[in-house]
Undergrad: 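Starting off with a structure, shown below.
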Amino acid sequence: MGGEVTLPLWSVVLLVLAAALAVLDRLLIPSVRWALRRRANRAIDELNTRLKIHIQPFKLTRRQVLVDRLLYDPEVLAVVDQYAHETNEPREVVMEKAGRYAREIIPSFSAYTYFKVGTRLARRLSELLYRVRLGYSDDEALRAVPPDDAVVFVINHRSNMDYVLVTYIAATSSALSYAVGEWAQVWGLRGLIRSMGAYFIRRNSGDPLYRRILARYVDMATKAGVVQAVFPEGGLTRDGTLRPPKLGLLSYMISNFDPVGQRDVVFIPVGLNYDRVLEDRVLTAAAGTPAGEAPRFRFSALVLLRYLGKSIWLALRGRWHRNGYACVSFGTPLSLRAYLSRRGVDLRTLRPETRSAEIDLLGRKLLDAVGAVVPALPVSLVSRALVEAAGAPLTAFELKGRVFTLITDLESRGNYVHVPRHDRDYAINVGLRMLEMRHIVIEEQGSYRANPADMALLHYYANSIAHLLAPLAERAPAAATRPASVTPSDAVIA
């Protein structure tokens, strides 16, 4: 009993390490985790005092908890049983597939990543590429939105920069949750996007199991008050015009809305415009895809490297300019509860075809509200004037006269026109310079005309404000689109 046991040194080292890990696992790590969680919760509480729209507990729930909650939701379990019956697959196999879908969709939001990393990167990238401006904002109505309501920013989709720009502009309001397509499912980017609170969707998936799981997650997030941002057009505009709304996500958000429930759903229209869309040539090329064929978006590393190299070379020579102005406007919020009350309907009680018609009507109303607050920028104004000239060359005097008429017309309709420095001459020169630098417009003997090779691009930028210039009888009434009374310094974000 009192004999000695000789052990190899390596086994002693392993035993000591195992004992140390056991102590860490049972004693120290839980204590540290508790302390960090307590500190993080305090930071979130402090952050919510500064944000206009609070971060809800649902958004901060551990991802695995949300996955389990979604998987064992009664509606999901019912659709799993139905799917297994219809496909003759074992229920366990279908549950495993449902689990993969749930883990793919659900984000893992990190407030630190969003506010300390994401919003800072968004600000620097936005300011690096554009002169960022805040256009019209119905500040009084926005302040009246209850901080715990489910807020949905409804945005027109012109560029992949939309995600970055809106994240930057809305950073003082709340943390936005985007629906992101398959393009972001790449190594390295996927984790960052998920930690920013975005959820991935398969836009063209016809799998009923996937669609039902996605619908349940969006419904759960909306009922929990998660602030979301959606692009009702469903994809980037390829010719510059507003596309017809796609209402899948919208229907998931509101189909089960309780008009007398605790939480309202408030839609905030957001209009974006750019003097230069970085993907414009790719988009206009895709617009020419023959009917019946899917558009092909081809990424070329060579083109990207050429652009970066040219930009660096111009910066070194002191000749690099940002890509003009990027402007964001916020319209008057629309309360779903008030809207349905005026309509006298409860979506939950309607037949599917009637509910679909009501959602379609709301979707079009929201897209009209978004279109009404799209700002008119120098490039879009100059482009519109040249398109209306139908290829005829214009002198500087004639061009300015046409743009002045456009500005007067838009302002008389209550639309926001961004005129830098309150100087119309300067605004026209800025827009014209951008188009000349890109050879979209050619100057010959003191006159300006469109480059025939780039007519698609000229129409693309002119179309960004085409809906604003439609006959008033054809336009939906725009709610409070009159420019806010701000000074130039107030309107400047960057």
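Nothing fancy with the numbering, it's 1 onward along the sequence.
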Undergrad: Looking at OH of Tyr199 and CG of Leu249, how far apart are the two atoms once the value is rounded to the nearest 0.5 Å?
TA: 4.5 Å
Undergrad: Between Phe404 and Leu381, is any pair of side-chain heavy atoms under 4.5 Å apart?
TA: no
Undergrad: Please list all pairs meeting salt bridge (Lys or Arg N to Asp or Glu O under 4.0 Å) that have one or both residues in residues 390-399, counting only residues at least two apart or in different chains.
TA: none
Undergrad: For residues 143-151, please give each side-chain donor-acceptor pair under 3.5 Å, one per line with the distance, not counting sequence neighbours.
TA:
unit_1 : atom_1 : unit_2 : atom_2 : d
Asp148 : OD1    : His54  : ND1    : 3.2
Asp148 : OD1    : Gln56  : NE2    : 3.1
Asp149 : OD1    : Asp264 : N      : 3.4

Undergrad: Could you tell me whether the side chain of Thr167 reaches within less than 4.5 Å of the side chain of Tyr114, counting heavy atoms only?
TA: yes
Undergrad: Quick one: which residue pairs count as a salt bridge (Lys or Arg N to Asp or Glu O under 4.0 Å) with a foot in residues 434-457, not counting sequence neighbours?
TA: Asp280-Arg438, Arg281-Asp454, Glu444-Arg449
Undergrad: Keeping the roles fixed (side chain from Arg322, backbone from Glu127), state whether a donor-acceptor pair exists under 3.5 Å.
TA: yes
Undergrad: With no hydrogens and no angle check, just 3.5 Å: does a side-chain donor-acceptor pair link His157 and Asp162?
TA: yes
Undergrad: Enter the distance from Leu134:CG to His418:NE2 here, rounded to the nearest 0.5 Å.
TA: 10.5 Å
Undergrad: Counting distance only, does the side-chain N/O of Ser126 pair as donor-acceptor with the main-chain N or O of Arg123 below 3.5 Å?
TA: no
Undergrad: Answer whether the closest heavy-atom distance between the side chains of Val265 and Met253 falls below 4.5 Å.
TA: no
Undergrad: Could you measure the distance from the OH atom of Tyr163 to the CZ atom of Phe231? Nearest 0.5 Å is fine.
TA: 5.0 Å
Undergrad: If we check ring pair (Phe, Tyr, Trp, His ring centres under 6.0 Å) with Tyr130, which of these qualifies: Tyr168, Tyr325, Tyr274?
TA: Tyr274
Undergrad: Can you tell me how far CG of Leu336 sits from CG of Leu362, rounded to the nearest 0.5 angstrom?
TA: 6.5 Å
Undergrad: Within the structure provided, determine whether Gln228 and Val218 are in side-chain contact (heavy-atom separation under 4.5 Å).
TA: yes
Undergrad: With a 4.0 Å cut-off, would you call Arg413 and Asp409 a salt bridge?
TA: yes
